Structures are given as C-alpha cells and as structure tokens.
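Taking it in order: structure first as structure tokens, then the write-up.
In each ligand, atom 1 is the first atom listed, and ligand 1 is the first ligand listed. Position 1 is the first residue of the sequence, and the numbers go up from there. What you see is a predicted model, and the numbers here were worked out from it, not measured in a lab.
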Amino acid sequence: MAEKEVIETSEAQIAVHWKEEGYYYPSTDFIAQANMSCESVYDRFSLDNFPNCFKEYADLLDWDEYWHTILDTSDAPCWKWFVGGKINASYNCVDRHLAKNKNKTAIHYVPEPLDEKYEHITYQELYVRVNEMAALLRDFGGLKAGDRVTLHLPMGPELPITMLACARLGVIHSQVFGGFSGKAAADRVVDSGSNILITQDAYYRSGKLLDHKKKSDEAVALAAKEGQKVDKVLVWQRYPGKYSAATPMVDGRDYFVNDVLKDYYGKRIDPVPMNAEDPLFLMYTSGTTGKPKGCQHSIGGYLAYVAGTSKYVQDIHPEDVYWCMADIGWITGHSYIVYGPLALCASTVIYEGVPTYPDAGRSWRIAQDLDVNIFHTAPTAIRALRKLGPDEPAKYDYQFKHMTTVGEPIEPEVWKWYHKEVGKGKAIIVDTWWQTETGGFLCSTLPAIKPMKPGSAGPGMPGIHPIIYDDEGKELPRGAGIAGNICIQNPWPGAFQTIWGDRDRFVDTYYARYCKDPNSKNWQDWPYLTGDAAVEAEDGYYRILGRIDDVINVSGHRLGTKEIESAALVAVEVAEAAVVPMKHEIKGVEPDLYVSLKPGYEASDELAKKISGVIVEEIGAIARPRNVWIVPDMPKTRSGKIMRRVLGAISNKTNVGDVMTLANPEIVTEVTKMVQG
Ligand code: WT7
C-alpha cells in the first residue's frame, strides 16, 4: 500500500539510523523510595497468572460492591473486566481522600499570563465544586447515567471539575481538544449524540486571549445540519462574572455556568454506583478513514489500570508534585493528569498555556515555584525547549526525580539532553508507548527495576505481553533485527471496550488481522493490533518505529491523512489531495499537502492559503499543512493510485526510487523542481 510506504520515508528511517544505545541506571536514592522495586512483579504478572494478576490494580480502588469475575470473554473481543463490581470514578478521585487529605492540594492551576497568581484547589474544594457542578448537570442539564455530553474546554480546573461531575452521575463525557475547530466538535457531538455542549468563553495561548465561544456556535449549527440538536450550551467564563468573548450568547440556549451554579450552592450529590464495565468517557482519535473513532473507555478497568500505572510507572506518592504538560483534551491528560493522579491523591499541575511563553525558562520557573518533582511531556515539547533554551534548566532551582516521554519516538540526542539538562543527570526517564485506545501504558521500563535505554520504549508493562508478527502472521523472535507489526497477546483492564456505535469497525481495525478464529471466546485467539511497527531487541526492549497505516503523528498526536485530504477537498477548486509526512525539527513530522485542481481553476498563493485555511477550519490548527503544493497532476500508478511514497520522498528530499513504472513519470521531475527548486 502506498500509505505504508509513506511512513517508511519518515519515522522508520529515523530508526534505521539509530544504533542500539547503552543502558542508564536509576540511582540508589530513587530505588529506595520507589513504589515498585521488586523484580518479582514480572512473575506475578506473567501470562501464567493472567488475568488474576490484575486484582492488584483493582485493589487500589474503593468498590461499592466488589466484583466477582475478573475477566468475562463471552462477548469476544469486547472484554469485560471486574464484572459484578459497582464503582464510581468521582468518588475514587475525590471523596475517598477527604478523611485524611481534604486540606491537600489536588490541582495546582497555572494561568498563562505572568501577572495572574497560581491557584491551589484542595481536595475539599474539589469535592465542593464537583458536587455543585454535578447538581447543575443533573437538575439544570437534565443529564443522567449513560447520557453523553460533549466538552470543548481549554486547560483549566473547570475541565477536570466537569469531567468528575459527569463521572459522579455516570454521565459519559467526551472532551474535544480545545485547539480543535467548531467543525471537529460538531462531528463529535453528532457521533456521540450529545445534546449538551460545555465550553468556555476564552483562554490564553501565547499571550493572546482567544475567543473560544465562537467555536460552539459553529459546532451547534453544523451538528443541527446533521440532525443532532444541542439544547444547551454551558459556558464557563475565564474570568467569572465577565464575558471575554466577542460572540453574543444565544438566549434560551447559552448559559454561563458560573451564574447557574449559584442555584446549586452547597448541593451534594451521592456518587452513583455504576457497573465496572459501564463507559466512563469517549475519546475520539484518527484512523485510516476520514471519520474519527470514539474510543469507549470503561469505569472500573480503566480507572484500575491508570491508578496502577500511575503508581508503578509514574511512581507517584501522595507527597509528590506531579506535572504532566499534555492537554487534558488528549488521552494522556485524561489518564495521567486527571484520573490516575487524582485516584492516588496526588497534587496535579494544570498549565493553561504554551511551555515556552513568554520565554524558554517558563516551564522551569513553574517547576521551581511549585517544587515539581515528577515531570511528564512529549518529544515535541522537549525539542522545542531544547532549541529555544538549551541552557535554561540549569538556571532554576528544581530537581525532578522522575521524567516521562510519550507520544512518538524520541531521538537519542534529544533523550540525552532531557536526561542531562532537564533531569540534571539525576532524574530517571520512562519512555511510555501506548495509544488512545489502550487507556494506559503498554511498554515502559519500571523505573526502579529496569535500566533506561535512549530511543527504546522498554519491555512490555507487567501484564502486557507484546508479540511482533510479520505480514504473514509469523512471529518475529526477539533479536531478529527485523521490524514487524506489534500486537498485544492478551487483554488488559485499560483497553477501550469498543468504538462508540461501531463494533464492526472495532473488530475489523484492531482484531481481524491476526485473529485465529473469529468464533472463539478465548482471548488467546484475539491478538490486539496496535498499528505500529516495532523491533524487539535481544534484551526484550521494544523500539517503536511508527504507524503502519496512513496516520501522521504530528507533535505526538495522530492525524489521519484521509481526514486532512477530505478537509482539503472541501475547497471547491480541489480535485485531488494527498498528504505526506514531512520531517520537522520540533514537531517530528508535519503534514505536507499536494493538490491538483479541477479544470478551469488557476494555481495562486491566495488559493493555497485558502486551502490551508479550510483545513484549519475543518480540523484545527494542528492539521495546518506546512506547504500547499498545487501541482499539475499527481504521480500515479497505472491503475490510478496516487503515489504518496513518491511525494513523501520529494517533500523530504530523499530518494524517490524507481518511478519508471508510473503512469506519468515525467510529473515526478516537474513536481520535484517545484518543491525543491
Ligand atoms: C501513537 C498513539 C500515548 C498517548 C499519546 C498519543 C505513537 C505513542 C510513543 C512512544 C514511540 C509512540 C505510536 C502510537 N507513540 N507513544 N513512547 N514511542 N511512539 O496517543 O494520539 O493515540 O497516538 O503514538 O505510533 O500508536 P495517540
């Protein structure tokens, strides 16, 4: 497939040039304090002890009713964990901490403007605010267990408060990344069948107060066209009591949350005991077709898995200050800013803005001020911080004990800077490989047990048993030196349950490829296909090379090439569109767009700008193409397939290979001249 080959021109190549790196060992100080320092955990979680090993994670939670069946496989491959259990996620993240820790900071909120003070929300205050919001959602919003509600909130305490208020009622939240467009929010409103949209008027990004409310107007209008009526838009205000957006409020539809909340002062809502396998939230992610997939995560299994991994991989203790720089609008934020840390009664940091605003020292000043000791971010941010301020970290008085990298492969050079400069040579690093679908980590070193190896995600997590298959389904053994399709042999509690409303797509995408018997009820017959290529080294560490499907990983987040191409086709002038990943110093890759025009239209800079604008409008700024190349024709095979591999090579100035078999080889020269000058 052309798409597969495109990926080979980017991420896989980085890997090819990497040599195996040496080990780095954790310090004795780190090991002495670690939550998990005993190698026997790997035996306890071996395949022989599967699935009962995961009781250890379930027991980190408080259950209203304890479960009777750890894993029910009767509806394979829709696995059910902790069946018979009743549980509430909001109770586990808030109420249960009050007896001992009501006075402890749950959330440190850092606004972007320098002249605004930090806020520290205690567990008691979180309890009060979650309860009042839950009362509002139930009595004003009319929401009840099982209903879906779409959130389109920026980074602020209101986001976890809203999520936990939903969880308290058993309402399924679906948070859309704040940077996504109104159109993207509309698609998710429609797919999830939400009739309430919760947003905020404005937020800061790089020093600008952005009007965010206008996106909800677009979302409501577009959703209505698709037949999904939004009855209420609930608007949090960035500055309570003051409206910070230019777009007017719509009478009878839009309400300020802060105003309505006054009616719910002092209200307490009993957490609704939910079935362990009821859904907690939906998180949409890109796939190989245009339509994003609503990954449905469970309450009991998901919460157990993120609590367990936060404890043993993130090594969070109650006294730690933990800062994950991701956005809560992505799965990383759900699992490792909100649910995991709060389930463990940690203090979690939420930063509104850009890590390098107003200068490259900002992140380290926040770390210094709050005395952060666990830090979690993505290679894209590390590259940006390194580029803008390679010597900045040394200027600030903080010391991390633990750092995470997540989202994309990290180049060993960048890893070493992270280790030496950001971690001051003392912090351990975990490279965590996982996905929106998987709820929590799949591969990582356990920090006190396994040494680190730059560029390698490490071995499978306890209870996660990866296997690499070649295209024919033959297992590639450890040390084979060949990449293949990395799968997970067994189910685990954090795994998503299905794609919302599309079980067939769920089975097709993730389980059909290597399924041994489609009628089987044994989990052994259903390896989970991650969609990543990987190699397993002699020592059992996995190096992840990138996607095998047509998904582009921009700044550690997935964008479907089809998604961007369909957005480009919204411009009436565009006849054909092809997106390829182009290497970028900081973002890893960026989408580079090629289009050909319908007859009668002329190429121009304005048109290129317009097409780029359409993509931002349809998806969000994250998908903005690096270039829009308006070409006379696309390089095509004789059967008419666009050769994205060739375009990818042109964008990245690598060898286009043999093109003589194409239907139109001359176009390759022409396009190369245009792009490379
Ligand atoms: C894809 C998942 C995991 C939460 C954030 C992204 C890539 C993720 C790593 C890593 C190499 C990684 C994979 C994966 N990826 N972590 N540590 N090393 N690649 O979640 O948007 O669902 O993307 O990101 O290709 O399949 P996502």
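Counting all heavy atoms, side chain and backbone alike, Lys587 lies closest to Thr380 at CA-OG1, 3.5 Å. Closest approach of Ile198 to Val149, counting heavy atoms only: CD1-CG2, 3.8 Å. Leu385 approaches Pro355 most closely through the heavy-atom pair CD2-O, 4.2 Å. Taking both residues in full, the closest heavy atoms of Trp417 and Pro390 are given as NE1-O, 3.1 Å, listed atom of the first, atom of the second, then distance. Taking all atoms of both residues into account, the shortest heavy-atom contact from Ser192 to Leu282 is CB-CD1, 3.8 Å.
Between Tyr336 and Phe441, the ring planes lie parallel to each other; the angle is under 30°, not in the 30° to 60° tilted range. Ring geometry for Tyr351 versus Trp323: interplanar angle over 60°, hence perpendicular rather than tilted (30 to 60°).
A cation-pi geometry, defined here as NZ or CZ lying under 6.0 Å from the six-membered ring centre and within 45° of its normal, holds between Arg188 and Phe180.
Contact analysis leaves Thr530 out of contact with ligand 1, as no non-hydrogen atom separation drops below 4.0 angstrom. Distances from ligand 1 to the non-hydrogen atoms of Trp330 include no value under 4.0 Å. For the pair Ala457 and ligand 1, no heavy-atom separation below 4.0 Å is found. In this structure, Pro409 counts as a contact residue of ligand 1, since one of its heavy atoms falls inside 4.0 Å of the ligand. Within the 4.0 Å heavy-atom cutoff, Gly556 counts among the residues contacting ligand 1.
With a 4.0 Å heavy-atom cut-off, ligand 1 is reached by the side chain of Asn553 but not by its N, CA, C or O. When heavy-atom distances to ligand 1 are checked against a 4.0 Å cut-off, Thr436 comes that close through both its backbone and its side chain.
Here the shortest heavy-atom distance to atom 27 (P) of ligand 1, taken over Glu408, His334, Arg558, belongs to Arg558.
Nearest protein heavy-atom contact of atom 3 (C) of ligand 1 is Trp434 O, 3.1 Å. Taking atom 4 (C) of ligand 1 as the reference point, the nearest protein heavy-atom neighbour is Thr332 OG1, 3.3 Å. Considering only non-hydrogen protein atoms, atom 15 (N) of ligand 1 sits nearest to Gly407 O, 3.2 Å.
Those atoms of ligand 1 with a heavy atom of Ile544 less than 4.0 angstrom away are 11 (C), 19 (N). Those atoms of ligand 1 with a heavy atom of Asp532 less than 4.0 angstrom away are 13 (C), 14 (C), 25 (O), 26 (O). Annotation for ligand 1: atoms under 4.0 Å from non-hydrogen atoms of Ile331 are 4 (C). Ligand 1 places these atoms under 4.0 Å from at least one heavy atom of Asp431: 10 (C), 17 (N), 18 (N).
At least one N or O atom of Arg547 sits closer than 3.5 Å to an N or O atom of ligand 1.
To the nearest 0.5 Å, the span separating CE on Met283 from CZ on Phe177 amounts to 11.0 Å.
Taking the six-membered ring where the residue is Trp, the centroids of Tyr57 and Phe45 are separated by under 6.0 Å.
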